[in-house]
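Working notes, beginning with the structure itself.
Bear in mind the structure is a predicted one, so any value in this text is a computation, not a measurement. Within every chain, numbering begins at 1; the chains are lettered A, B, ... in the order of the sequence lines, protein sequences first and strands thereafter.
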Amino acid sequence: MWAYFKFEFFQFFSNKKNIAIYVILLFFSCYYALKIAPTYIPIEKVDVNEIEARYLTREEFLNNVEINEGTHHLTRFAATIFPEWNEYDKERLDSIEQHNLKEYAEATYKWYAYSDEMIFRYGGGFLFYNPGYYTYGNNYATMDGHYAYLYSASRYEGYSEGTSNLSVKVFEERTALQTLQRLLHAYLPLILIVSCILFTVDIVLKDRQNPTLLQGLPLSDWRRLIVKGGVSLLGSILAILPLSVGLLIIGARNGFGDFDLPVPIYFLGEFSNITIGKYLIQNMLFIVFWFVFIISLLLFVSVTIKNEFANLLVGCVFVIAEFIYFARGVAVVWNVQWYPTSYVQVGQIISGYRNYLYGTEALTFGNGLYVMGLCACIFLFFTFLISNRRKFKLL
Amino acid sequence: MHMWKILKTCFILEKSNKKNIFACIIVAVFVFGLVLFVKTEDLGNTIKEKSGEYQSLSSALSKFQNVDATDSGNGSDLYKNLVLQRHYVSKQSMAIKMDKPEMYLDTAILLVNLRADSFDMEGFQNVASYLPSKIENQLDSVFYQYMKKTGISLSMNSLSYFQFLAYLIGVLGSVWFIFMSIYSSGVMIEDFQHSSLIKGYPITFDKYVVAKCISLMLIVGVFLLELFIFSLPLVYFKGLGNPSYPIAIFIDGTSEVYPIYKYLGLSLLYMISISIFTILLSVIFNVLLKNMYLTLFLELLLYIFPILFPSMISLIPFNPFNYLNFPNLLNGQMFELTNSVDLNSTHGLIYIGISIAIMVVAVKLFLTTGKLKKV
């Protein structure tokens, strides 16, 4: 079995297609690091001008306002909430001018928490979040802003309490580890899963080209399938190597950040922080589960349908199926947590953002592993049954 | 005579190929999925769209100090313009609720004119992200003026069958090249791998390629037919709609109004040419690279190259790959990417056509069956 593993492993890495995938991943990670990452402009950036403009306008208002019986109730309201709000803005301005980043983080944390309280609870229709959320056609801008402000509050709380080295790059999530975190929150999981599909798509059917080569092998079909699955799992995990080149480039430019930086996790309406190290480990584990799921699925399809094109399509369907039923808040009427496809956005599952979008609490790390693992077992079990039938031929 | 025989063999091969069945299923699933998506998202519902527009304008206005917005007031021109825009949008919402399509239309024309003015105003860049782009507005303008002129009644509800078809082709069209390259990436390799049927035929390679193309194109015809058939459930849910309902598109550098059937015809023409283009490209890459995945990756890389490096588009405007995402070409998004009017949708068809001709010649001159013997 070990010899066969080595044989398959060697075949895997001398396969032109697989080499091409690694090269393409390398190209994209460099392209991202050199061209896309520098143009990233976060909505919640560290912008002294913006804070100052807001602070001065409100300060002037507070200095000139006169409250009497005839005052409009909104003016009254503004006069009661602006003093505390301005206090935080003042602290932020002072601390950033003195380069006291710890204090800035603390003031910013309070500012975000207070702002969200005011805007979300009291400010419907006349107080707004950062205008960056209200783009043309976005009907959920208030919800996006609410999430982002609470997220930022939790994040800055973590910075002020933690021991990590702080910098503006850290505040704007530009360091290598934070970029990785942002990517895991976006399309990196999809890229990894699609790569896994492409690695696995021909792992069984490639033997068709020279069927006589393996005829004398003293290994049952089932064992051969398992070895093939193992090789492609290993190959998929190694896809991280070319991607990490881009990470190194970003790290060299913007610093690496450290593993103790906070990542806010949303659960039951509240945010709490975990370290970025823990976040990455959870993501890795989840993605490996995805790989196992995809590989067992494709092994199953390979032994039943025996067509590479079908493998490719079935794999891709599982990746994109979520788009068909995804809608904000749909989980209220529909148990999305039982579909493995709901977990495809790995980073968003772990950070709880998917829960927020779906309006549920059930899309958790644990549930995800359970559903993915169960499905993988079912696929493997059927593959086992089929490959052990007497009439079965692998090719 | 030989040609007919080889065509028949090709058909038999295609008929027994599971790949075609799967491709058909996937197209059907895609169409069904989109029908469901349109139903759940309630696309085309004007009330929903208008409330989103109102919100965007409110947040654009939140960037300004609240002042007197009348003509004699001291607000900036842009501020007055935006306040008036918001007023018109709420008037439109009201017109929908009161079922007064004429009032809606008149206000819509006022609104697009107002927007057209706002683009040149001072400080517009600060609020640009809250408003439709210049090209979108231009398309709206042409559309509403056409509606006013012809008196066709506006559709206010969700997409009906024909409107959905236009939407479907817009979505599918932008991924059509990707789909076709996945579908055709192994076009030569499969036959030469596990069948000695072709090898013995006394026929030249170019004739074989032509036969192969014809049989594949017939299957592409089945895919296209599926689009019309599997959208039929919408006739039941939302009605048939008007086949000559207008759509504003960007064509030859100007915005024009096409009735839906004409738009569908143009799109189908594009899709058919893209299909032939992709199949021939796959044939050539298959022979040169002898690997279906390398063929696929190379095709996809060529496709995204102009997107990754937009400056290449104005540098090589005749590159057929610039034109493969034709829905973006027709709705003007491509012009925003390149900031130039170099990409002309009629020229696009011509360039794709020329590329097809060049590839046919290349196949005839340079490729022979001998090269495929050892795949």
For A/K17 and B/N291, work out which heavy atoms get closest and say how close.
-> N-ND2, 4.2 Å
Nearest heavy-atom contact between B/K18 and A/N307 is CB-ND2, 3.4 Å
Over 12 non-hydrogen atoms of neighbours within 6.0 angstrom of CG in A/L74 = yes
Drop me the distance from A/I24's CD1 to B/L298's CG, to the nearest 0.5 angstrom.
-> 9.0 Å
Below 4.5 Å from any heavy atom of chain B, which atoms of A/F27 appear? Answer side chain, backbone, both or neither.
-> side chain
Does some side-chain heavy atom of B/F297 sit less than 4.5 Å from a side-chain heavy atom of A/I21?
-> yes
All salt bridge (Lys or Arg N to Asp or Glu O under 4.0 Å) counterparts of B/R115, not counting sequence neighbours | B/E53
Begin from the C-alpha positions of B/L36 and A/Y325 and carry the test side-chain contact (heavy atoms from CB on, under 4.5 Å) through to its verdict.
-> CA-CA 8 Å; B/L36 280 180; A/Y325 62 85; over 6 Å; no
Tell me, for B/Y183 versus chain A, whether the close heavy atoms (under 4.5 Å) come from the side chain, the backbone, both or neither.
-> both
Side chain, backbone, both or neither of B/I304 within contact of chain A (heavy atoms, under 4.5 Å) | side chain
Could you walk me through whether B/Y293 and A/F199 pass the ring-ring contact (aromatic ring centres under 6.0 Å, His included) check?
-> CA-CA 11 Å; B/Y293 292 101; A/F199 284 133; over 10 Å; no
Could you tell me which residues satisfy side chain to side chain donor-acceptor pair (under 3.5 Å) with A/E44, sequence neighbours excluded, listed by chain and number?
-> A/Y112, A/Y133
Part of residues 309-321 of chain A lying next to chain B, heavy-atom separation under 4.5 Å = A/F309, A/A310, A/L312, A/L313, A/V317
Residues at least two apart in sequence or cross-chain that pass side chain to side chain donor-acceptor pair (under 3.5 Å) with A/Y55, listed by chain then number, are none
Below 4.5 Å from any heavy atom of chain A, which atoms of B/I26 appear? Answer side chain, backbone, both or neither.
-> side chain
Side chain from CB out, backbone as N, CA, C, O: work out which of these in A/T142 comes under 4.5 Å of a heavy atom of chain B, or both, or neither.
-> side chain
Given that the side chain runs from C-beta out, which part of A/L127 has a heavy atom under 4.5 Å from chain B: side chain, backbone, both or neither?
-> neither
First locate atom NZ of A/K16, then atom CG of B/L289, and finally report the distance between them rounded to the nearest 0.5 Å.
-> 7.5 Å
Kindly indicate, with the supporting measurements, whether the criterion side-chain contact (heavy atoms from CB on, under 4.5 Å) is fulfilled by B/L34 and A/F323.
-> CA-CA 10 Å; B/L34 212 61; A/F323 289 111; over 6 Å; no
Proximity breakdown for B/I182 and chain A, heavy-atom pairs closer than 4.5 Å = both
Checking side-chain contact (heavy atoms from CB on, under 4.5 Å) for the pair B/M292/A/E308: CA distance, chi angles, key distance, verdict?
-> CA-CA 11 Å; B/M292 78 180 245; A/E308 277 183 43; 4.2 Å; yes
